[in-house]
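Side chains are part of it too, since the values below use all heavy atoms of this structure and drop only hydrogens, waters and symmetry mates. Order of appearance sets the numbers: ligands from 1, and atoms from 1 within every ligand. If you read the sequence from its start, that first residue is 1, and numbering goes on from there.
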Amino acid sequence: MTSNSLIKEFKQSLNYDYGVEIENANLKELYNSLGKVLMGYVNKDWQKSIHSTSKRVGYLSAEFLIGRLLYANMLNMGVIEDVKKALESKGIDFNSFEDVEDAALGNGGLGRLAACFLESAASIGKKVDGYGLRYRFGLFKQSFVDGFQNEEADDWLKWGDPFSFRKEDESVIVNFADYSVRAVPYDTAVIGYNLKTINTLRLWQSEAINKFDFKAFDNMQGLKIAENDYKAEEITAVLYPNDNTYEGKKLRLRQQYFMVSATIQDVVNKYKKISNDFTKLNEYIIFQLNDTHPVLAIPELIRVLTTEGLSFEDALAIAKKTFNFTNHTIMGEALERWPLGMIYELIPAIGEILKMLENDIRHNLNDHRFFIVRDDVAYMANLAIYVAGKVNGVARIHTEILKNDTFKDWYEIYPEKFVNVTNGITPRRWLLLNNPKMAKEITKLIGDKWPTNLDSLVNLESYINNKEFVEAFKNIKHENKLILADYIKKHEGIEIDADSIFDIQIKRLHEYKRQLLNALSILYIYFELKEGNLKDLPKVTFIFGAKSAPGYYMAKAIIKFINEIANLINNDQEISSRIKVVFVQNYNVSYAEKLVCACDFSEQISMAGMEASGTGNMKFMLNGTPTLGTLDGANVEICEEAGKENNYIFGATVEEVKEVKNNYNSGAIINGNLKLKRVVETLVDGTFNDNNTGVLKSIYDTLYHNDTYLVAYDFASYIETKLKAFKEYGSNEYFYKCLKNMANAGKFSSDRSIRDYVEEIWHI
Ligand code: 26Q
């Protein structure tokens with residue numbers, strides 16, 4: 001491809017699709033035509049891959065948090081420079097597509113992991129296809145009104161979706177007891193780096209079977225048609241905005257079954273074209289279940305195979321060779337369970353199969369600790385563990401907790417099933433794309449192979465004390481901070497100083513992630529400054545980004561609290577020149593790309609034992625940022641790789657947490673620490689205004705009487721470590737830590753994760 005041929009095709013596409021000249025096309029038209037032209041370059045290779053019959057993996061996930069595809073695809077196709085040149089020759093700003101909405105078809109970590117995994121698999125040449133749901137509305141758009149979270153529908157398709165193709169012919173029918181719907185697949189190419197291979201993300205959209213039923217129309221039943229359309233389209237209308245909490249809604253169950261039934265039918269239909277021996281299905285495809293959300297695929301496969309004439313026993317034996325299961329949560333209350341009554345109401349055949357599975361478990365294990373259905377409730381994790389060949393956690397400490405705690409009994413009888421696969425992130429999006437200047441500097445020193453061989457970053461070790469390299473690192477980080485400051489000015493209307501420390505916590509809002517601990521520490525620092533203490537504290541900008549589930553009262557309260565703190569501090573003439581607080585609105589993948597490369601301290605402060613892995617922590621590390629955090633999730637392995645002494649670690653360990661919880665009284669800790677008490681009292685002493693909602697009082701009460709996540713306990717060590725970190729900022733020691741982290745981030749490439757899955761689980 002050259003920029004000349006690109007321009008020619010671009011013009012043609014604009015002409016065919018929109019009837020406009022390039023000079024008069026609007027942004028949406030330019031975006032869609034450019035996307036289609038790019039697809040034109042890969043479609044042939046993609047078709048080849050689609051029609052291959054080699055063993056593949058189906059990655060089943062209710063979420064794929066893709067973000068923006070245009071730039072990532074151009075990067076992996078190696079055409080960024082050509083496209084830039086072509087656009088600029090026509091006076092179009094290459095960056096203008098940054099206004100295009102993210103595809104936010106996921107909540108957070110689990111959904112973003114699925115997106116990184118698909119990109120990695122394509123980049124290392126493994127056939128892994130994604131199957132999920134094409135939500136009409138993705139994760140809500142967030143804004144703040146009076147400091148409270150406000151949600152609006154995420155109409156991502158208003159920009160068009162040039163990277164997907166509707167495959168009408170491959171539609172299937174999904175049957176529920178009360179009505180049936182059509183599942184229409186939309187395929188998106190997953191383009192590997194340097195076009196290594198091209199895989200497919202297939203997202204199912206629900207539609208009415210007969211869009212236009214003219215008979216009904218003749219009979220004056222126009223309204224009925226609308227109702228049918230609504231009931232069908234409702235299924236994939238919107239992504240549930242919960243993250244790490246379970247919600248047992250009927251529509252959610254419908255979504256899950258819709259997704260897995262369409263996928264299983266699709267795969268079985270294709271398999272039947274090449275073989276009629278279902279006992280060898282697992283030589284054609286292996287399914288990876290991304291948490292319990294797609295676990296109904298197990299009874300659905302059994303159902304479909306029995307309709308093909310197999311016995312239940314034979315079908316189950318095939319399922320046992322075909323499915324593997326990844327767990328992403330430790331919290332018991334987040335584990336999915338469905339009332340059998342609800343299952344019977346919507347999908348009675350699946351209810352029957354679940355009962356048969358329960359009988360099977362009784363027959364084989366005959367132990368009350370092991371069950372799939374109990375008291376008329378189906379336990380999805382138990383089902384997954386019983387049938388799956390392999391069960392994996394997502395970081396070493398997490399897998400250990402699964403084995404010794406969450407699924408202890410299961411581990412006892414099936415020790416060989418449990419394996420660890422530590423999460424990873426794609427270095428293409430999370431260094432090459434988001435931090436091009438740093439990427440260029442790295443390539444200058446160690447060559448250009450690192451994006452597909454991230455372990456080779458360790459070759460940077462020999463430059464860690466090289467003055468020139470350290471200078472370059474400093475300058476690039478500073479430039480990235482300027483860009484972020486500009487962006488924040490534009491989007492939040494707040495001015496921040498790129499010469500200040502950027503201390504960043506970005507992730508979903510959850511009590512266990514302890515944004516509250518961070519907030520209290522900021523208030524602590526504020527009061528210290530007010531009193532004339534902390535004389536040599538450098539200037540700091542505290543940045544938050546987080547969405548709360550709309551129904552999560554405490555999380556929303558904490559958002560309000562942090563916004564009130566920002567208000568107080570940013571408007572305090574005396575203090576606002578020394579510290580500032582910014583809570584960015586609508587934190588998403590694209591915002592993350594800007595924040596991750598402009599950060600000085602990465603806040604990873606969950607209570608130990610709670611964060612399964614974390615992946616944001618890896619993104620910061622890869623961009624040369626030390627972690628300020630607890631020994632939780634993948635932080636443990638980050639410390640192992642980069643050195644604990646090169647990060648800022650504080651707080652109770654998993655063992656200490658257990659110990660402390662035996663006999664914990666947060667009130668006593670607060671009352672025993674006057675500075676902590678002063679900070680906590682602001683929640684009730686009129687310092688802040690919560691518009692008489694009582695949300696701040698709720699936080700206060702929780703801290704005193706219900707401090708499940710040991711905020712009070714870890715407060716002192718957090719403050720100590722944080723202040724030490726700030727003091728060290730800018731020194732040689734500090735930059736040494738930054739570079740140590742970058743040079744040792746190799747393990748956290750999702751290419752490595754995929755290779756682990758291939759070797760330990762998939763064998764493709
Ligand atoms: C379940 C039932 C009904 C509605 C929603 C849900 C639901 C949705 C999303 C439950 C959980 C999730 C998401 C969980 C998640 O993102 N977990 C994170 O997974 C990451 C990738 O493995 C880890 O790095 C994080 O530690 C973990 O919190």
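For Thr326, no heavy-atom contact with ligand 1 is shorter than 4.0 Å. With a heavy-atom cut-off of 4.0 Å, Leu110 touches ligand 1 through backbone and side chain alike. Contacts between Glu336 and ligand 1 below 4.0 angstrom, taking non-hydrogen atoms only, involve the side chain exclusively.
A heavy-atom separation below 4.0 Å is found between His293 and ligand 1. In this structure, Arg508 has no heavy atom closer than 4.0 Å to ligand 1. Within the structure, the closest approach of Tyr512 to ligand 1 falls below 4.0 Å when heavy atoms are considered.
Under the side-chain contact (heavy atoms from CB on, under 4.5 Å) rule, Phe544 has a single partner from Val584, Asn518, Ile506, which is Asn518. Partner of Thr292 under the side-chain hydrogen bond (donor to acceptor under 3.5 Å, both in side chains) criterion, chosen from Gln256, Glu336, His328: Glu336. When the options Trp410, Phe371, Tyr386 are evaluated for a ring pair (Phe, Tyr, Trp, His ring centres under 6.0 Å) with Tyr379, the one that passes is Phe371.
Remark: the Glu611 side chain and the Tyr512 side chain contain an N/O donor-acceptor pair separated by less than 3.5 Å.
Close contacts between ligand 1 and Glu63 involve ligand atoms 8 (C), 9 (C) [criterion: under 4.0 Å to a heavy atom]. Of all atoms in ligand 1, numbered sequentially from 1 with element shown, those under 4.0 Å from a heavy atom of Ala612 are 26 (O). The atoms of ligand 1 that sit less than 4.0 Å from any heavy atom of Val394 are 22 (O).
Scanning the protein for heavy atoms near atom 27 (C) of ligand 1, the closest one is His328 O, 3.6 Å. Distance from atom 6 (C) of ligand 1 to its nearest protein heavy atom, with residue and atom name: Thr245 O, 3.4 Å. At the top of the distance list for atom 11 (C) of ligand 1, counting protein heavy atoms only, stands Asn244 N, 3.2 Å. Glu611 OE1, 2.7 Å is the protein heavy atom nearest to atom 26 (O) of ligand 1.
For the atom pair OG1 (Thr406) and CG (Asn327), the distance works out to 7.0 Å, reported to the nearest 0.5 Å. From Met618, atom CE reaches atom CD of Glu637 across 7.0 Å, with rounding to the nearest 0.5 Å.
Selection from Glu247, Lys249, Arg252, Met618 by nearest heavy atom to atom 5 (C) of ligand 1 gives Arg252.
Taking only nitrogen or oxygen atoms, main chain and side chain alike, Asn242 does not reach within less than 3.5 Å of ligand 1. In terms of N/O distances under 3.5 Å, ligand 1 is approached by Gly614.
Residues Phe620 and Phe601 place their aromatic rings such that the two centres sit no closer than 6.0 Å. You'll find the ring centres of Phe117 and Tyr757 inside the 6.0 Å limit.
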What verdict does the ring pair (Phe, Tyr, Trp, His ring centres under 6.0 Å) test give for Phe176 and Tyr257, after you've listed the backbone C-alpha separation in whole Å, the side-chain angles of each residue and the deciding distance to 0.1 Å? CA-CA 9 Å; Phe176 293 96; Tyr257 182 67; 5.7 Å; yes

Show, in sequence, the C-alpha distance, side-chain angles and deciding distance for Asp707 and Lys661, and conclude whether the salt bridge (Lys or Arg N to Asp or Glu O under 4.0 Å) test is met. CA-CA 10 Å; Asp707 183 18; Lys661 284 219 160 189; over 6 Å; no

